[in-house]
Amino acid sequence: MTVSTDQHKEEKKDVTFRVFRFNPQVDSKPYFDDYKIPVERGITVLRSLNYIKEHIDASVSFRAFCQAGICGSCSMRINGLSQLACTTQVWDVLAKCREEGIIKIEPLRNLPLIKDLIVDMDPLVDKMRHYSNWVDSTMAESEMGKKEFLVSEEEFLRYDKATDCILCASCVSECSILRANKDYVSPAVLLKSYRMNVDSRDGIHDLRLAELVKDHGVWDCTHCYRCQESCVKSIPIMDAIHGIREDAIECRGAKDTSGAKHAEAFMEDIEKKGKLVEATLPIRTNGVVWTLQNLLPMAVKMIMKRRTPPPPPLVKSSKGIKVFRAMFREMSEHVKQDQKSHKK
Amino acid sequence: MKPFDVVVVGGGGAGLYAAMEAMKTNPSLNIAVLSKVYPNRSHTSAAQGGANAALANKAKDDTVEMHIFDTIKGSDYLADQDAVDVLCSEAPKIIRELDNIGTPWSRMDDNTIAQRPFGGAGRPRCCYCSDKTGHTILQTLYEQCLKKGVIFFNEYFALNLSVNGSRSRGLIAMNMKTGKVEAFPARTVIFATGGHSKMYWNRSSNAAGNTGDGQAIAYRAGIPLKDMEFVQFHPTGLRKSGLLITEGARGEGGYLVNRDGERFMARYAKEKMELGPRDLVSRSIETEILEGRGFDSPAGKYIHLDLTHLGADLIKSRLPQIREMSMQFEGVDPIEEPIPVRPTAHYSMGGIDTDNFGRTVMDGVYAAGECACVSVHGANRLGGNSLLDILVFGRIAGRMAAEESGKFEPGIISDAELKEQLAATRSNMQSSGHFERYGALREELGQTLAINVGIFRESSLLQQGIRDIAELKERFKKVRVFDSSDVFNTNLMQVLELKNMLDLAETVAAGAYAREESRGSHTRTDFPVRDDAKWHKHSVATLVNGTLSLGEKPVTMGRYELQERTY
Ligand SMILES: Cc1cc2nc3c(=O)[nH]c(=O)nc-3n(C[C@H](O)[C@H](O)[C@H](O)COP(=O)(O)OP(=O)(O)OC[C@H]3O[C@@H](n4cnc5c(N)ncnc54)[C@H](O)[C@@H]3O)c2cc1C
Ligand code: SF4
Ligand code: SF4
Ligand code: FES
C-alpha cells in the first residue's frame with residue numbers, strides 16, 4: 001500500500017467486537033460480550049481493545065506489552081485465527097467476518113485458560129525446558145569471553161529465520177495434534193529445537209534429538225502445515241520439522257526409533273518397486289521430488305500410528321519405474337549433500 | 001516461603017544476566033527472578049540496532065580507549081569516567097561471552113561477529129543480529145537461565161520493598177494469576193525493572209509496562225534516584241504511534257529530509273550528518289518542525305526518513321523489521337516512500353543511584369540496567385551503549401549480590417505487613433468516592449510531559465509541568481479500579497503502574513526545573529549553554545518524610561578533561 005493513509009482519515013465504521021469472557025472466580029462457563037465502537041481505518045485490534053478497556057469495560061482482560069509485534073504477548077484468536085492483536089488491522093479482519101461487522105475475539109487454544117483472553121504459557125515453557133531449548137556450549141565456562149566462535153554467514157542463515165520466533169504461541173494454538181494430545185512437543189518447541197541442533201556451538205545435539213524422536217515428539221506431527229500458515233513471523237516452521245526428521249534418519253543414535261526405521265524401509269521399498277502407497281496424493285499436488293524430500297517419513301509415521309488408512313495393495317512396478325528410480329537416486333544424493341553441508 | 005539469597009526483580013537483559021551470573025558465581029544459592037511479564041516479553045526484545053564493543057572486527061584500528069572517549073563525550077561529560085572504563089573494557093568480553101553461549105550474531109566475511117556504524121561513535125563498533133539484536137540476546141539469556149535452573153516467578157508484580165530502618169527484609173509482590181500478595185524474604189534484592197520513559201505515553205517508543213516500577217519502589221523506600229531530568233528523545237519515532245525506527249536505518253545510509261527536500265543535518269552536524277548523537281539529531285528535527293520546514297498531517301507534524309535510495313535488497317536483508325513496522329503502523333513501504341518520523345521519548349538516563357558494583361545506599365539492595373544510574377550515559381546515551389550497559393552491569397550486580405548475600409540476614413516479612421500492603425494496593429477498588437479514569441490521567445500525564453518537560457524546556461513551561469503533575473497526583477487519589485476480580489486484574493496493574501509513573505514524573509520535572517543549563521538531552525531555551533562551573537554534577541532526588549528533596553553528587557573525572565561537545 002503506497003497511498004498515504006491520511007486521505008482515509010475520515011473513513012470510520014461502527015464495529016462490533018464479540019469478546020470471549022470468562023472469570024473463573026464467578027463464571028461457571030464462558031460467554032461473549034459485544035462492544036460496538038467507532039473505528040477509523042488504520043486502527044489495530046489491540047488499540048480497539050484498549051479503547052474498550054479504557055472507555056467501556058475495564059474488566060476485559062488481555063495481555064499486551066510492546067504494542068509493536070515484537071514481544072509476543074498479545075496473541076489471540078481474531079475471527080477464528082490465532083494472530084497478534086497489535087499488528088492486525090481492524091479493516092483487514094472486517095473483510096473476513098462470518099457475520100458482517102462483527103469481529104470475534106477469543107483466547108488461544110491448546111493452552112489452559114486463565115481469564116478472558118489470557119491463557120497460561122507455562123506448559124510451553126516447560127516443554128522448552130524438557131527439550132533443552134538452549135545452546136549447551138561446547139566451550140568450557142572458564143574459557144568464555146576470551147574468543148569468538150567463528151561462524152559462517154551460511155550457518156547463521158540456517159538458524160536466522162528460526163530465531164525470529166517471539167513465542168507468541170499462535171502456532172501452538174492452531175496445531176491440530178495439540179488439540180488431541182496436550183503433551184505433544186508443539187511447533188514452536190520443534191522450531192527452537194531445530195535452531196539449536198543446527199548451531200555448531202552446541203554440544204548436545206544427540207541428546208536433544210534422542211528426546212525429540214520419543215513419544216509426543218517430532219514423529220507425531222501430522223504435517224498439516226497449520227502452524228506455518230499461522231506463524232506471525234512467517235517462519236517456515238515445516239522446514240525445521242523436516243530438518244529434525246531428516247536428521248533423525250541420518251543420525252545413528254536416532255535410527256533405532258520405530259519412526260526412523262520404518263521411514264528407511266519405506267524409502268527402500270519405493271526405490272525398488274516404485275509403489276507409492278499413500279504418497280500418491282501429495283505427489284499429485286506437490287510433485288515427486290518435493291514429496292520424497294518432505295513427506296515420506298511422515299507418511300510412514302502416520303500409517304504406523306493409523307492416522308491414515310493403511311497402504312493400498314501392492315502395485316506392480318510401473319513403466320516409469322526406471323525414470324523414477326533415477327530421479328529418486330538423484331534426489332537422495334541432493335538430500336545427502338545438503339545434510340553434509342549442514343553439518344559442517 | 002524459604003528465604004532467597006538473591007531475588008532479581010525484572011527479567012529483561014539486565015535481570016537475566018544478573019541471575020545467570022549469580023548462579024555461575026555460586027550454584028548452591030537460592031536465586032529467583034520475578035517479572036511482571038514473561039522474561040522473553042521484556043522490552044530488551046525491542047532493541048533492534050545492536051550493542052557496542054571495540055572488537056575491531058570491522059574497523060581494525062578501533063580501540064577500547066576510543067569507545068571510552070566517545071561515551072564520555074556523548075554523555076556531555078556527565079558520565080563517571082571510572083564507570084565508563086568498566087563499561088567499555090568489559091564490552092568485548094561480554095559480547096564474546098554472549099557468542100559463546102549461543103547468541104546468533106550476524107557475521108562478517110571472515111566469520112567474526114558483524115559490526116556497523118552507530119550514532120556518536122568514531123568507528124563502526126555496533127555488534128548486531130540483523131535488526132533483532134535485543135530480541136536474540138534476550139532469548140539467549142532466557143534459554144541459559146532455564147538451562148541453569150533459575151527459579152522464575154512470572155507475572156508477579158513487585159509492589160514494595162519491606163524495609164526495617166535502613167535494611168531491606170525482602171520484597172512484596174502480587175501474583176497476577178491469583179491476586180494474592182506474597183512475601184519474598186531475601187538476603188539481597190536486585191532491581192532490573194527497565195526504563196520509565198513510558199510516562200510520555202503516546203510520545204514514547206517504550207512498551208506499555210516501562211513505567212519505572214523498580215525506581216518508584218526504591219524511591220519510596222528512601223533510596224536516592226540520580227539524574228532523573230535526563231530523558232532521551234530518539235530522533236525517529238513513527239509519527240502516529242511513537243514506535244521506534246532504529247538508528248540502524250541511518251547507520252545503513254538513510255537520510256533525514258525536510259519538506260524542501262533538504263538533508264538538513266548539514267546545518268547541525270556537518271561531518272556526522274544523520275549519524276550525529278541522538279540529542280542533537282532530535283533537536284535538529286524539532287527545530288526544523290518548529291521553524292516550519294516539517295510536513296503537516298492530521299496525525300501531527302513530521303519529517304522524512306528516506307531509505308528509498310538504499311534499494312530493495314538492502315532494505316529487505318538488513319532492515320526487514322523496520323520495513324514491516326512502517327507498513328503495519330504507517331502504511332508506508334520504505335522501499336518506495338520515505339517514512340514519516342518525529343522524535344519520541346525513548347530512554348531514561350536517570351535511575352536508581354548505584355556505585356560501579358550495582359550497590360545502592362541500602363545494604364543488600366542492588367540495581368542494574370535501564371532502571372539504574374551508574375552513571376555511564378551521563379546526560380545523553382549513545383546508541384548501542386544501553387544493551388551493553390544492561391549486560392555489563394547486570395553481570396556485575398549478579399556477581400556482587402551472590403558474593404555478598406552471605407553477609408546479610410534475610411528478613412522476616414510479617415503477615416500483618418502483607419495484609420497492610422494488600423489493603424493499600426486495593427484501596428482504589430470500587431469505593432464509592434472513586435471516579436477518576438486511569439486512562440485519562442495517563443494520557444494527560446504524557447501530554448504535559450511532552451509539552452512542558454520535552455525536548456525544549458524553559459522555566460515557565462517546567463513550572464506548568466510541575467503544577468500539572470501535582471494536580472494529577474491529587475486526582476489519582478480518586479482513581480477507580482473498575483475490575484473487582486482477583487484473577488489477572490490488568491486494570492489494577494495499570495493503576496499501580498500509573499502511580500509509579502506519577503511519582504517518578506515529579507522527580508523528572510523537578511530535576512529539569514532545577515538544572516539551569518543545557519547539557520546533553522536536557523535543553524533549556526532560557527539557559528542555552530552548558531554551565532560547568534555551576535552544573536557539572538549529578539542531581540539526586542530523595543524522598544524525605546514524604547516529600548521530594550533535591551541534592552547533588554560530584555562527577556568522577558579521569559583522563560578526559562571537560563571540552564566543548566561538537567560533532
Ligand atoms: C524501541 C527501542 C529500541 C532500542 N534499541 C536499542 C539498541 O539498538 N541498542 C541499545 O543499546 N539499546 C537500545 N534500546 C535500549 C535498551 O533496549 C533498553 O535500555 C534495555 O533493553 C533495558 O533493559 P533492562 O533489562 O534494563 O530492562 P527491560 O528489558 O525493560 O526489562 C525490565 C523487566 O522488569 C520487569 N518489571 C518491571 N516492573 C516490574 C514490576 N513491578 N514487577 C516485576 N517485574 C517488573 C519487566 O517484566 C521486565 O522483565 C532500545 C530501547 C527501545 C525502547
Ligand atoms: S504441521 Fe505438525 S506441528 Fe504444525 S500444526 Fe500441523 S501437526 Fe502441529
Ligand atoms: S513460531 Fe511463529 S507463531 Fe509460533 S510462537 Fe514462534 S513466532 Fe509465534
Ligand atoms: S503487544 Fe507485543 S506483540 Fe503485541
So, B/E155 and A/R63, do they make that salt bridge, N to O below 4.0 Å?
yes
At a 4.5 Å cut-off on heavy atoms, which part of A/M128 comes close to chain B: side chain, backbone, both, or neither?
side chain
Using non-hydrogen atoms and a 4.5 Å limit, figure out which bit of A/I70 sits close to chain B: side chain, backbone, both or neither.
both
Heavy-atom check, side chain of A/N133 versus side chain of B/K147, under 4.5 Å:
no
Atom group of A/I166 that falls short of 4.5 Å from chain B, counting heavy atoms
both
Does one side chain, of B/Q139 or A/K192, offer a donor that lies under 3.5 Å from an acceptor on the other?
yes
May I ask you to name which of A/D199, A/D57, A/D160 has the most heavy-atom pairs under 4.5 Å with chain B?
A/D160
Heavy-atom side-chain contact between A/E54 and B/Q494 under 4.5 Å:
no
Looking at B/D483 and A/K115, is any side-chain nitrogen of the basic one under 4.0 Å from a carboxylate oxygen of the acidic one?
yes
Interface moiety of A/D202 toward chain B, non-hydrogen atoms closer than 4.5 Å:
neither
Side chains of B/N111 and A/E153: is there a donor and an acceptor less than 3.5 Å apart?
no
Where does B/F329 contact chain A at under 4.5 Å (heavy atoms): side chain, backbone, both or neither?
side chain
